Amino acid sequence: MNGVTGRMGQNQHLVRSILEIRAQGGVRIGEGEVIVPDPILVGRNERRVRAVAEALGVERWSTDLEKCLASSEDEIYFDAQKTLQRSDALRKAIAAGKHVYCEKPTATNLETALELVRLARAAGIRHGVVEDKLFLPGMIKLKRLVDGGFFGRILSVRGDFGYWVYEGDWQLPQRPSWNFRSEDGGGIIVDMFSHWRYVLDQIVAPVKAVSCLGFTHIPERVDEGGKAYKATAEDAAYGTFLLEGDIVAQMNSSWCTRVYRDDLFVLQIDGTEGSAIAGLRRCYSQHRANSPRPLWNPDLEARTDYRADWTEVPDNGTFDNGFKVQWELFLKHVVCGDPFPWDLMEGAKCVQLAELGEQSWLERRWVDIPDLEA
Ligand SMILES: NC(=O)c1ccc[n+]([C@@H]2O[C@H](COP(=O)([O-])OP(=O)(O)OC[C@H]3O[C@@H](n4cnc5c(N)ncnc54)[C@H](O)[C@@H]3O)[C@@H](O)[C@H]2O)c1
C-alpha cells in the first residue's frame, strides 16, 4: 500500500478498509474460507511511514518500492499517492506482475490512462480503480429509484459539490496544497470530473458531451509549511453535460463556496414522474402525485417549508463504508475471479471527461465525448 501517509490512503484505505477487514476476520468467500489481506506499507519517508505503521500496529513497512514489487509474497499493489506520482508506480507494479488497485484519477491525461489499460491487459493482471461515490448510501438509494423506474423520463440532473477550503493564511487549509497547483497534478476538474463521469454514467446515463468553465477564484494560498504560493490550478468548475437520452446535467464543483444545503455533495434528478435528491447518506423523493403547486408571489413572505413536501427513501438495508465495500469486491475479484467492472478502462473514461472538460474551458465550446478504445 503506497501513499498511506496521505489523507485518503491512511483514513479510507488503510484504517477504514484493510484494517477493518482484518478486524472482522477477513472477507468471507465460502464455507469456512476467508481472504485476509496482509498489508505492507510503502512510503518515501522512513520516519513518516514507520510512524503510521507503529501507530496502527501494522508490522510490515518499507521505503523500497522496487524491493516490495520484487517480492512474490505480495500480490496486489495499491496506490493512493498524489495523482502525478501514480502512473510511474503503476507501470512498475504491472511490469512486476502485480494486480493493481488505485485511487482516482489514474493519470492526469488520457494518453497515460490508456497506456496503463494496455499495459495491464497485456500483462493479464487484475486491475481496479476507486469509484467510491457509487457506494455512498445516498447514491445507492438514488440508483435504486432510477432502476425502479421512479422518475419516468429523466429530464435533468443537478449536482452541487463543494465547501470552503481555507486559504491557509489565517486558518489551516483542509486540503493539501498540491490540489491548487496544476504543475503538481492539482485542479478541481481532474479531481472531481473523474467522479462525475462514473456517477453520471452509472447512476443516470452515459455522458455524451461537456461544456465547462473553470475558475481560479483564490489566486494565492499558503501551504502546509506556511509559505505563500500561487494557485496555478482552478479551484472551481461549472460544468454542463449532455447525457444519452437528451438528459441535461449541471454539476458545480467548488472549493470556494460555503455550504447552505444538506450535505457537501447533493445530486438531484428531475423526471416526468418524480424527483429525488440525495446527499452522502440520505435521499428524499417527491412523486408527481404528491407534488405541490407552487405559486410565484414575492409580495408575501415565503412561509412554505418546501422540504416538508419530500419523503425520505428508506435504507432497506445496512451500508458499510463504501471504500471498504469496494476493497472487498476487489479482493474477491483477485482471489476468486468475481466480476469487478470498475477497472483501469473505467478509470480512463473518468480521465477523459476531465481532459475534455479542460479542453471545453480553454476553447470556450461544447466538446463531444467519443467512445474510448485502448
Ligand atoms: N476517492 C476520493 O474521494 C478521493 C478524495 C481525495 C483524494 N483522492 C485521490 O487520492 C490521492 C491522494 O490524495 P490525498 O488527498 O490523500 O493527498 P495527500 O497529499 O494527503 O497524500 C498524498 C500521498 O502521496 C505521497 N506522495 C508520494 N510522492 C509524493 C510527492 N512527490 N509529493 C507529495 N506527496 C507524495 C505522500 O507522501 C502521501 O502519502 C489523489 O490522487 C487524489 O486524487 C480521492
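The residues of the chain are indexed from 1 along the displayed sequence. Atoms within a ligand are numbered from 1 in the order they appear, just like the ligands themselves. Predicted, not measured: the structure shown is a model, and the values here were computed from it.
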(request) May I ask whether Pro105 places a heavy atom under 4.0 Å from ligand 1? (result) yes
(message) List ligand 1 atoms under 4.0 Å from Lys133, heavy atoms only on the residue side.
(response) 3 (O)
(request) Give the ring-plane orientation class for Tyr163 versus Phe161, where under 30° counts as parallel, over 60° as perpendicular and anything between as tilted. (result) perpendicular
(message) Under a 4.0 angstrom heavy-atom cut-off, which atoms of ligand 1 come close to Ala80?
(response) 11 (C), 12 (C), 23 (C)
(request) Would you check whether Arg175 has a nitrogen or oxygen atom less than 3.5 angstrom from a nitrogen or oxygen atom of ligand 1? (result) no
(request) Would you mind telling me if ligand 1 is within reach of the side chain of Asp132, the backbone, both or neither, using heavy atoms under 4.0 Å? (result) side chain
(request) Specify the protein heavy atom at minimum distance from atom 23 (C) of ligand 1: its residue, its atom name, and the distance to 0.1 Å. (result) Lys82 N, 3.8 Å
(message) Is His195 close enough to touch ligand 1? Criterion: a residue heavy atom under 4.0 Å from a ligand atom.
(response) yes
(message) Less than 3.5 Å apart, any donor N or O on the side chain of Glu131 or Gln202 sitting next to an acceptor on the other?
(response) yes
(request) Answer with yes or no after comparing the ring centroid distance for Trp342 and Phe340 against a 6.0 Å cut-off, counting only values under it. (result) yes
(request) Measure the acute angle between the ring planes of His217 and Tyr238, then classify it against the limits of 30° and 60° as parallel, tilted or perpendicular. (result) perpendicular
(request) Using a strict cut-off of 4.0 Å, indicate which atoms of ligand 1 neighbour a heavy atom of Thr5. (result) 36 (C), 37 (O), 38 (C), 39 (O)
